[in-house]
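All chains are named by letter (A, B, ...) in the order of the sequence lines, taking the proteins before the strands, and each is independently numbered beginning at 1.
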Amino acid sequence: MIPLSPTAPPGVVTSDALASDVGCFPTRAQYLALVRSFKDDGFEMCVDLCAVDYLEHLNRPLPDGVVGTRFEVVVNLLSLSKRQRVRVRVQAGDADPEVDSLFDLYPGTEAMEREAFDLFGVLFRAHPDLTRILMPEEWEGHPLRKDYAVGRVPVQFKEAPGPR
Amino acid sequence: MSDPTVRVAERVELLAAETSEGAQGLQSRRSTNKDELGREVGAVLRQSGLTLDPNDVDYERRDDETMIINMGPAHPSTHGVLRLMLELDGEFVLRTKPVIGYLHTGMEKTGEVLNYVQGGTNVTRMDYLSPIANELSYSMAVEKLLAIEVPERAIWIRMMMSELNRVASHLVWMATNGMDLGATSMMIYGFRERELILAFFEKTAGLRLNLNYVRPGGVAADLPDGWEDDVLVICDTIYERTFEYDELLTGQPIFRGRMIGVAPISAEEALALGVTGPVLRSTGVAWDLRRSMPYLAYDQVEFDVIVGTYGDNFDRYAIRLNEIRESVRIIRQCLEKMPSGDYRSQDPKVTPPPRARIDESMEALIHHFKLFTEGFHVPAGEVYSAIESPRGELGCYLVADGGPKPYRLHVRAPSFVNLQAVPLLMRGGSVSDAVTVISTVDPIMGEVDR
C-alpha cells in the first residue's frame, strides 16, 4: 500500500484488497482534492475514467467506512516515473449521480467523462462540454444503466412508418 | 403535391437538420464557452501556471470571417466514420472538433449479456486491426480474477501472435498513410505483406481477422505443424521489405515535406491528454508497457523502445516503421525460445476437455456441457488490466459479480483517448495537413466507438 501524499484530504479510505492496484474510496467532496494530490505526487496521466451502475449490487462489499451508492465513477491514474497505478473509486450517488470534473487537472478526461455522461447519465461539474458523445443527440436514456432494457428502442429509420 | 416531410434537394434545411448532431457538433464561437473554445483550438495545458493565452484563441475573430465545414463521416482519409468539424480561415484550420459515435454498436452493453467464454468474440471486434491485443487484454483481466496460471507455452504463443499482429497493424498503417499522402504503391505493398501474416493467422486460428484466438486460460489452438518455417519466412520477408519502404517513403522529398515538422505535440501536452502509444513515444517519452510494466514474457526478450524527439508526423511514422523491425526481432526470439507443453490451462472449469475425452468420461461431458451452456463463474471483484496495443495502452476494466457473465466490461480504447489530440495537432495547419494528422494519430473507429 502506498501512503497517501500529505496534501491528500484527510479521512480517505484506501484498500489494497483489489486484484491488482491500490484503491482509494473518497467521498464526492474529497474526490477532486484527492486526485489533485495524486497529480502533484507524480501521477502524470489519467489513463481511464468510467462509470459503473451497481443497481443489482447495492450492498456490495466495500471497505469499512464507505457507503456504497448505485453509481460509481472509477478513475485509473498512472505514474510513469514510479511505474505505478492507482485506482480511485468515488461513490457518485444514487438518483442524481454527480461528481466534479477532472478536466482542469487532466484535460484528457474530457471525452471519457462525456462517455460516462452519455452512457450512464453521471453529471460532471464544470465540464466544458457535457454533451452526448457516442449516442445520437436526440437519444433518450442512458443505455449502460442496468435498468435500461436492451432492445427497448427500435432501430431508428426515421422515414419508415409504423412500429417494428 | 409533395410531402413536406420528405427531404429533397430543395429542402436543404431538412437535410441539414437530419445530419446535425446538435450540441455535439462544432458551435459558433459566440455560443461556445471559454474552456471548450480553448479545447477546440488545441490549448491543452491550462493548469499549474501554464494558462490559456487569450491571443491564441482569437476571441476577437467574428464568426462571419470563418467557415465551418465537415470532414467526414464518409471522407476517405478519415479511415472509417470519423467526422471532423473544422473551422477554417481560408485553407487554415482554426478549430477542430471530432464528432464520433457513427460506429457505436454498444459493445460494452453486449459484453454484459455474453458469458466469459463468449466474451472474446465480442472484444476482438473492437480494434479490428489488432484483434489479438483486444483478446489478450480481456483474457488477462479474466485470468486475474480467476487467479489461474497460464502455461508457459501459451504465454509465448500469445506474445508471438501479439507481435505478429502489431506488425500487421503497423503495415496497414503504413499502407493507408502512404495512400493518404499519394504514395499509392505503399498501399499495395503494405497490404501485400500483411497478407503473409493473415494467412498464418488463418492457418493457426482458422480466421484471418477477429480471431478469438486468445481465450481465458490460454489460446484456442496449438501452433500448426511447420509453423517455424512460416514464421521465419514472415520475419525474413518483412524485415527485408522495411528497407524498401525506407527507399519508397523515408527519403522521398514530397513525403518528407508533408511529414517533417508538421503537427508537433509536446510531451507535457501528450501526457495531459492521456495520449499513449507511438504518439506519446514520438515526443520522447520512453513509455511502452511491454518494457515499463512487463506482462507475458516481455521481460525475457530483447527489444528497443523506439522514441522520437519532435513529436511531429515524421517521428510518428519513423516510430511505427522501426517498431515493425523491433517486433520482428521479438518474433525471432519467440521462435528460438518457444517452450513445449500445454497451450492452454488444464483447469477443467475453464478449459473444455479434448473431444476424445468426452466419449469416455462422464465428468468430461459434464464439464463440456457446463462450459458451453452456462460458462464458468468468475469470483466477484474488479480488475484493470492493460497491455501495449499497436495504438497505445489498451485497458480492460472488468467488474465481476460471481456469475458467468461480466457485470461491467469497460475497454479503455487507446484510439478514443488519442483522438483528443487531434484539435491540438490540427491547429494552424492546412486542410492537407489535416489528412496527415488523422493518418498519423491512427484512430480505429471500431475501437473509438465500440
Side-chain angles (χ1 to χ4, degrees), chain A residues 17-21 23 36 39-40 44-54 56-57 60-61 72 74 76 78 80 83-85 87 89 101 103-112 114-115 118-119 126-139 143-144 146 148 150 158-159, chain B residues 5-7 18 20-25 32-39 44-48 98-101 104 106 108-110 112-113 144-145 147 269 271-276 285 287 292-293 380-386 393 395 397 399 401 407-408 410 412 416-417 419-420 449-450:
Chain A
L18 305 175
S20 47
D21 311 300
R36 180 173 288 124
K39 187 182 158 68
D40 296 341
E44 300 98 340
M45 204 188 266
C46 176
V47 279
D48 190 28
L49 183 148
C50 70
V52 184
D53 177 4
Y54 281 106
E56 293 161 29
H57 298 282
R60 62 194 177 282
E72 209 176 79
V74 184
N76 276 291
L78 174 68
L80 278 67
R83 301 192 175 185
Q84 200 169 39
R85 289 179 192 280
R87 185 140 71 242
R89 292 170 62 183
S101 169
F103 179 71
D104 264 351
L105 300 174
Y106 300 103
T109 55
E110 196 266 349
M112 304 185 238
R114 268 177 81 189
E115 186 190 330
D118 188 2
L119 302 179
H127 185 284
D129 179 36
L130 202 60
T131 52
R132 288 191 181 275
I133 184 166
L134 294 179
M135 305 304 288
E137 190 59 24
E138 69 272 24
W139 197 266
L144 273 183
K146 287 288 177 182
Y148 183 96
V150 178
K158 293 173 190 166
E159 287 168 14
Chain B
T5 61
V6 174
R7 60 184 154 92
E18 193 154 297
S20 167
E21 282 296 343
Q24 290 183 43
T32 307
N33 70 44
K34 182 167 159 280
D35 273 350
E36 175 60 12
L37 193 61
R39 206 183 66 76
V44 171
L45 302 169
R46 63 201 73 213
Q47 70 280 25
S48 58
V99 181
I100 60 173
H104 179 59
E108 288 183 0
K109 187 81 172 171
T110 311
E112 292 171 7
V113 295
K144 264 187 202 166
L145 284 173
E269 288 164 334
L271 289 173
L273 287 171
V275 164
T276 47
V285 179
W287 183 256
S292 313
M293 293 178 157
E382 42 110 54
V383 70
Y384 179 80
S385 85
E393 172 168 335
Y397 181 67
V399 181
D401 63 352
Y407 186 70
R408 167 94 167 100
H410 170 74
R412 188 267 184 206
F416 179 70
V417 183
L419 205 56
Q420 296 182 91
D449 293 342
R450 280 158 289 150

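- Only the backbone of A:Leu49 comes within less than 4.5 Å of a heavy atom of chain B; no side-chain atom from C-beta onward does.
- Side-chain atoms of B:Lys109 and A:Leu119, non-hydrogen and from C-beta on, never get closer than 4.5 Å to each other.
- Ion pairing between a basic and an acidic side chain is recognised when a charged N comes within 4.0 Å of a carboxylate O; B:Glu382 and A:Arg60 show no such pairing.
- Pairing each heavy atom of A:Pro107 with each of B:Gln420, the nearest pair is O-OE1, 3.8 Å.
- Of the candidates B:Leu271, B:Val285, B:Val417, B:Leu273, B:Leu271 is the only one forming a side-chain contact (heavy atoms from CB on, under 4.5 Å) with A:Met45.
- Interface summary for chain B: among A:His127, A:Glu137, A:Arg114, A:Glu44, the most heavy-atom pairs under 4.5 angstrom belong to A:Glu137.
- B:Glu112 pairs by the salt bridge (Lys or Arg N to Asp or Glu O under 4.0 Å) definition with A:Lys146, not counting sequence neighbours.
- Counting heavy-atom pairs under 4.5 Å between each of A:Asp53, A:Leu80, A:Thr109 and chain B puts A:Leu80 at the top.
- For a residue to count as touching a neighbouring chain, one of its non-hydrogen atoms must lie under 4.5 Å from one of that chain's; by this rule B:Glu393 touches chain A with the side chain only.
- Contact of the B:Val399 side chain with the A:Val74 side chain is not registered, since no non-hydrogen atoms from C-beta on lie closer than 4.5 Å.
- Heavy atoms of A:Glu115 lying under 4.5 Å from chain B belong exclusively to its side chain.
- Not one N or O on the side chain of A:Arg132 forms a donor-acceptor pair closer than 3.5 Å with the backbone of B:Ala23.
- Note: A:Asp118 CG to B:His104 NE2 = 7.0 Å, rounded to the nearest 0.5 Å.
- Taking the side chain as every heavy atom from C-beta outward, B:Arg412 and A:Asn76 never approach each other to under 4.5 Å.
- Proximity to chain A (any heavy atom under 4.5 Å) is restricted, for B:Val275, to the backbone atoms N, CA, C and O.
- Contacts of B:Glu108 with chain A are made by both backbone and side-chain atoms, with heavy-atom separations under 4.5 Å.
- One N or O on the side chain of B:Gln24 and one on the backbone of A:Met135 form a donor-acceptor pair closer than 3.5 Å.
- Looking at B:Thr110, neither its backbone nor its side chain comes within 4.5 Å of chain A, counting heavy atoms on both sides.
- Heavy atoms only, all atoms of each residue included: B:Met293 and A:Leu78 are closest at CE-CD1, 3.6 Å.
- Closest of all the heavy-atom pairs between A:Ala51 and B:Arg408 is O-NE, 2.7 Å.
- For A:His57, the ring pair (Phe, Tyr, Trp, His ring centres under 6.0 Å) criterion is met by B:Tyr407, not counting sequence neighbours.
- Side-chain contact between B:Tyr397 and A:Val52: present, with at least one pair of heavy atoms (C-beta onward) separated by less than 4.5 Å.
- At least one side-chain heavy atom of A:Met112 sits under 4.5 Å from a side-chain heavy atom of B:Phe416.
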